[in-house]
Number of protein chains: 2
Amino acid sequence: MPELSIALAQVNTAVGDLAGNSKKILEYTDRAERCGADLVIFPELCLTGYPPEDLVLKPEFVRMSMVSIMNIAGEVGDIVAIIGYVEGDSDTYNSAAVVNRGKLVCSYRKRFLPNYGVFDEKRYFGSGERSLVMDIDGTKVGVTICEDIWFPGGPLDEQVSWGGAELVVNLSASPFDRRKYVYRKELVAARSIDGPVFIAYVNTVGGQDELVFDGGSCVHDPQRGFIAIAARFREELLICDVDFKYLRSRKMVEPRFRHVTERCECDDLQIQRLERPEREPEKRKREAVKERADELSDIEGTYEALTIGLGEYVSKNGFEKVVLGLSGGIDSALTAALAVEAMGRSNVICVFLPSKFTSELSSTVAEKLAENLGVRVIRIPIDNIFDSYFNSLMDEMQEESGIVFENIQARIRGNLLMALSNRFGWLVLATGNKSELSMGYCTLYGDMAGGFALIKDLLKTQVYELVEYMNERDGSELIPREIIEREPSAELSEGQRDVDTLPPYEELDPILEAYIEDGLSVADLVEEGFNAALVERIVTTVDANEYKRRQAPIGVKITSRAFGRDWRMPISTAPFRSR
Amino acid sequence: MPELSIALAQVNTAVGDLAGNSKKILEYTDRAERCGADLVIFPELCLTGYPPEDLVLKPEFVRMSMVSIMNIAGEVGDIVAIIGYVEGDSDTYNSAAVVNRGKLVCSYRKRFLPNYGVFDEKRYFGSGERSLVMDIDGTKVGVTICEDIWFPGGPLDEQVSWGGAELVVNLSASPFDRRKYVYRKELVAARSIDGPVFIAYVNTVGGQDELVFDGGSCVHDPQRGFIAIAARFREELLICDVDFKYLRSRKMVEPRFRHVTERCECDDLQIQRLERPEREPEKRKREAVKERADELSDIEGTYEALTIGLGEYVSKNGFEKVVLGLSGGIDSALTAALAVEAMGRSNVICVFLPSKFTSELSSTVAEKLAENLGVRVIRIPIDNIFDSYFNSLMDEMQEESGIVFENIQARIRGNLLMALSNRFGWLVLATGNKSELSMGYCTLYGDMAGGFALIKDLLKTQVYELVEYMNERDGSELIPREIIEREPSAELSEGQRDVDTLPPYEELDPILEAYIEDGLSVADLVEEGFNAALVERIVTTVDANEYKRRQAPIGVKITSRAFGRDWRMPISTAPFRSR
């Protein structure tokens with residue numbers, strides 16, 4: 001008989017929806033109990049949803065989080081549930097409630113608060129000052145929250161070395177980026193081996209504004225490695241039976257260090273399960289999941305994040321359908337294909353908005369794409385509207401062409417999409433990519449218009465990769481080859497090509513990635529072997545276009561540094577590089 | 001002879017412009033030295049500009065801050081200069097360099113890092129762990145940075161109680177809001193009296209994106225009160241001679257508490273001025289300034305912040321002229337009048353964009369306003385463009401009126417203003433107010449279009465107040481009475497009035513202020529005596545319109561909680577109030 005049966009409740013909860021989240025937490029607790037679990041662990045702040053942002057500054061929100069956790073406690077039976085919630089006291093804390101037999105037994109307060117990247121936790125929370133190790137059916141269990149285990153020497157070390165923890169649970173809400181899953185697994189493994197201690201890591205899933213959470217909850221055995229891994233991106237109750245015997249047979253080593261800490265608040269907490277119901281069979285089918293989770297490549301993860309991020313934004317904001325402009329180019333093609341995957345073809349409306357500069361090819365391939373995807377296409381030519389602008393403006397403009405009339409075309413398209421949105425309640429998807437947004441090669445209120453900019457964190461070269469992936473996945477030319485192979489053009493003037501304005505994407509994108517994601521300076525980039533004049537041109541252009549990005553719609557974070565909460569550059573700034 | 005002559009260099013430095021800022025710092029140091037000052041104090045992070053935001057995450061930026069402070073040190077002569085800069089070491093710090101006779105003598109690192117409101121300092125900086133008290137010509141001088149003195153019991157207490165400081169200098173970058181100046185003065189006075197210690201408080205001036213810094217630097221004598229106060233909003237070198245004799249004659253009391261602190265790094269630092277040049281006469285004319293600064297009312301402060309905030313944004317981003325749409329309503333009238341004050345009439349272009357719904361009155365009063373302001377007006381009727389949209393869309397719309405075609409009018413106007421911006425390089429000013437933005441009574445890409453939304457943090461009732469103030473100030477009906485007295489209308493449909501959609505502003509605004517600025521909940525508001533149904537309607541509407549605000553241009557922060565860095569609400573959120 002296993003010593004402890006642990007349930008990892010990898011749930012998707014909605015920011016602010018305390019009632020709905022409470023209900024889901026109780027459902028999963030009940031399910032875990034029915035499966036015979038001794039312990040069920042929920043993600044970080046699952047009661048309030050993550051990240052609750054400035055809702056935490058509302059005293060009423062904190063109070064309702066407290067009331068809700070007490071209500072949940074009142075309904076929990078003979079299982080130990082560990083639930084992330086916002087705790088109000090003299091300060092506000094990002095806490096884990098330990099709940100058992102109708103009572104909130106105690107809380108652990110997160111110690112390490114991330115305040116970098118997309119995180120603002122020091123804006124909202126005080127740091128906990130105590131560790132927590134409890135005794136569940138004779139097993140010593142420590143509790144940590146997310147960042148607490150991201151660096152060596154934190155609460156986990158105290159709990160193991162000092163508190164004798166055999167299992168440390170970690171409640172997380174760790175957002176997806178395309179490289180993070182592998183890193184996160186290495187981290188869990190490293191802490192577990194260093195302990196040595198079992199780690200049960202529970203991550204949340206779902207999407208919240210620009211963030212997607214990718215799950216991948218897991219249990220790591222310090223000797224045998226990962227013994228259970230949950231699905232990625234999807235809700236799951238993962239149950240894992242852990243045998244601590246061999247850990248106990250090891251000679252207990254002396255604590256490797258003594259961290260400055262107060263005595264554990266609940267050091268002598270003992271919890272014993274009275275009943276052990278028969279287990280339901282569902283928990284035994286986890287092996288396959290492990291394989292699947294491990295196999296997700298970068299590009300598959302990106303695909304999942306984009307489709308889930310969109311689906312979540314749409315449903316959480318009460319939309320049913322999305323609308324986007326098809327240009328015949330690759331960005332709108334990818335956006336449309338992803339939207340169909342996320343929401344089904346009947347919920348995606350495409351609009352083709354040709355002008356006199358729109359090529360025959362664009363029209364043909366847009367039609368072909370729509371046919372492949374099986375979506376409805378509305379066709380609204382923009383030349384008449386354009387002419388009316390032209391006539392109204394010519395007196396003032398004193399010239400016929402140039403950026404002015406290019407932007408007007410983009411804005412007419414933006415307006416038409418917004419009109420359809422206003423009329424039918426469809427969410428407008430902006431289709432721009434990160435290369436464009438970086439360089440300001442996009443029109444405010446034009447192609448940037450919309451409620452959600454799905455692929456704004458994909459560089460153009462990544463757009464191509466994802467399109468190839470989707471075609472491969474579909475086993476067909478879902479996105480027609482002509483769209484992939486044609487030369488990129490905004491088609492806002494005669495014979496226009498992206499390369500007339502931008503460096504070729506294969507030269508541009510590596511520099512953008514190194515500058516934006518890796519934070520390299522001009523000097524660093526030149527040292528890396530990039531052409532100095534090209535680097536200077538790109539960096540200057542990126543910096544100068546902050547004002548556009550500040551007004552862009554949100555979109556799914558895919559990289560380690562997206563234009564969103566992650567990127568807080570001043571608009572007004574002198575180019576400090578070139579004194 | 002005074003014991004110490006202190007110069008407060010209330011300078012405006014630009015974010016990122018290390019070269020320009022260095023030059024200015026040296027100019028002011030030189031001027032202070034020529035005036036005979038022993039000590040010159042600059043604002044917080046004046047070398048890098050404030051707030052430098054994510055520039056601080058660039059290692060090159062930190063390195064250049066270090067190089068620049070060393071270069072400055074090399075040129076400082078026989079005066080002690082205390083200069084705010086970004087210090088890179090094992091961590092990055094918000095520091096004050098003490099510079100004298102060619103050397104960077106030591107640095108003080110800010111201890112209390114604000115991470116609330118508009119501030120993200122824990123994102124960027126480590127906390128200092130030491131105090132600094134130095135001996136300048138026999139006077140013990142402590143150094144603090146901004147937040148360090150905002151709460152009792154901080155470094156100031158240590159420096160006085162333990163280090164024997166007679167003067168504590170404070171380098172600040174404290175952004176304007178309409179209530180903060182008075183609070184800030186009370187705070188400085190409280191710390192000074194509690195010490196007891198002289199405080200020399202130096203605040204920065206100028207504008208940076210949504211923030212305006214309002215100066216008001218001062219010296220407080222614990223017995224006699226404020227002995228010098230600088231101008232508000234404008235650069236100034238304020239010199240103040242301080243006599244510490246009577247402070248010394250007091251029996252030294254035992255330290256009232258001992259704070260956990262390390263030994264002062266530079267406790268034994270002694271700095272003596274070798275030469276004392278003859279003073280220039282300019283420093284004696286400060287008395288008048290004190291009077292003027294004290295007299296600025298809330299509304300005057302608001303006026304200064306708006307004109308300076310705009311002027312700074314325009315100049316720091318390389319614009320010369322601004323353009324805005326005049327509707328004949330009060331918001332655009334105020335925006336135009338403020339722009340003329342900020343930039344001069346020749347740099348403000350107004351555009352009148354009438355439709356069939358535009359009343360004769362709007363046309364007349366817009367014309368009269370433009371005449372009063374002496375600005376150029378371009379007139380572009382929008383009906384032809386509107387008709388072309390109408391014709392292109394009618395097949396899809398299946399209805400003739402409603403929000404769709406109202407928004408299209410607003411967006412045509414936005415497009416026309418942007419076209420003029422693209423053609424002539426004028427910055428478009430959005431003219432919406434905070435009441436509208438709160439309630440979503442505004443059109444994305446329409447009246448919300450622009451690079452700067454000047455009055456976005458003024459409630460409608462505050463718009464009226466400011467208009468009355470400007471007319472009074474001008475001694476004329478600069479903004480015609482008809483504009484003030486007419487009923488507010490967007491004029492997007494026949495006979496439309498704001499009250500058809502919104503509660504009357506005199507009912508709406510107090511609830512908005514209490515909800516947004518004071519953070520009251522629905523229950524709190526009802527308890528305050530507001531109508532429950534009205535409160536529920538307003539709060540629900542505010543929450544639901546976060547997506548619009550997220551795409552709004554920046555504007556000047558006027559209140560304690562503006563829609564900007566100050567307000568980080570999720571877009572996707574369930575209404576947690578109404579379970």
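Naming: A, B, ... by sequence-line order, numbering from 1 per chain. In what follows, every heavy atom counts, from backbone to side chain, and hydrogens, waters and symmetry copies are set aside.
By the 4.5 Å heavy-atom criterion applied to side chains, B/N415 and A/I408 are not counted as neighbours. B/L444 places none of its side-chain heavy atoms less than 4.5 Å from the side chain of A/Y445. Looking at heavy atoms from C-beta onward, B/P570 lies in side-chain contact with A/L55 at the 4.5 angstrom threshold. Side-chain contact between B/M418 and A/N407 is absent, with no heavy atoms from C-beta onward closer than 4.5 Å. B/K58 places none of its side-chain heavy atoms less than 4.5 Å from the side chain of A/S521.
Atoms CH2 and CG, from B/W567 and A/L57 in turn, are 9.5 Å apart once rounded to the nearest 0.5 Å. Summarising the geometry, atom CG belonging to A/D54 is positioned 7.0 Å from atom CZ belonging to B/R568; distances are rounded to the nearest 0.5 Å. Rounding to the nearest 0.5 Å gives a distance of 9.5 Å between CG of A/D383 and OG of B/S392. Of the inter-residue distances, the one linking B/M397 atom CE with A/R423 atom CZ reads 7.0 Å to the nearest 0.5 angstrom. Annotation: the span from A/Y389 atom OH to B/I380 atom CD1 amounts to 11.0 Å, rounded to 0.5 Å.
Only the side chain of B/I554 has a heavy atom closer than 4.5 Å to any heavy atom of chain A. Only the side chain of B/F424 comes within less than 4.5 Å of a heavy atom in chain A; its backbone stays farther off. For chain A, no part of B/P114 is nearby; none of its heavy atoms comes within less than 4.5 Å. Residue contact with chain B, scored on non-hydrogen atoms closer than 4.5 Å, involves the backbone and the side chain of A/A449 alike. Proximity to chain B (any heavy atom under 4.5 Å) is restricted, for A/A552, to the backbone atoms N, CA, C and O. For A/F386, no part sits under 4.5 Å from any heavy atom of chain B, backbone or side chain. In this structure, no portion of B/A14 lies under 4.5 Å from any heavy atom of chain A. For A/L420, the parts sitting under 4.5 Å from any heavy atom of chain B are the backbone and the side chain alike. Proximity to chain B is limited to the side chain of A/R561, based on heavy atoms less than 4.5 angstrom apart. Both the backbone and the side chain of A/I385 come within less than 4.5 Å of a heavy atom of chain B. Only the side chain of B/Y547 comes within contact range of chain A, judged by heavy atoms closer than 4.5 Å.
In terms of heavy-atom pairs under 4.5 Å with chain B, the best-connected choice from A/N384, A/D209, A/N422 is A/D209. In terms of non-hydrogen atom pairs under 4.5 Å with chain A, the most contact-rich of B/G318, B/P553, B/G451 is B/P553. Chain A forms the most heavy-atom pairs under 4.5 Å with one residue out of B/D120, B/I382, B/V56, B/N391, and that residue is B/D120. Across B/M448, B/R550, B/Q208, B/R411, the residue that shares the most heavy-atom pairs under 4.5 angstrom with chain A is B/R411. Interface summary for chain A: among B/G519, B/G414, B/P51, B/A419, the most heavy-atom pairs under 4.5 angstrom belong to B/A419.
Scanning all heavy atoms of the two residues, the minimum distance from A/G117 to B/R123 falls at O-NH1, 2.6 Å.
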(message) Let's go through B/Y313 and A/I571 carefully: what are the C-alpha distance in whole Å and the side-chain angles of both, what is the deciding distance for side chain to side chain contact (heavy atoms under 4.5 Å, CB included) to 0.1 Å, and is it a yes or a no?
(response) CA-CA 9 Å; B/Y313 186 83; A/I571 295 177; 3.3 Å; yes

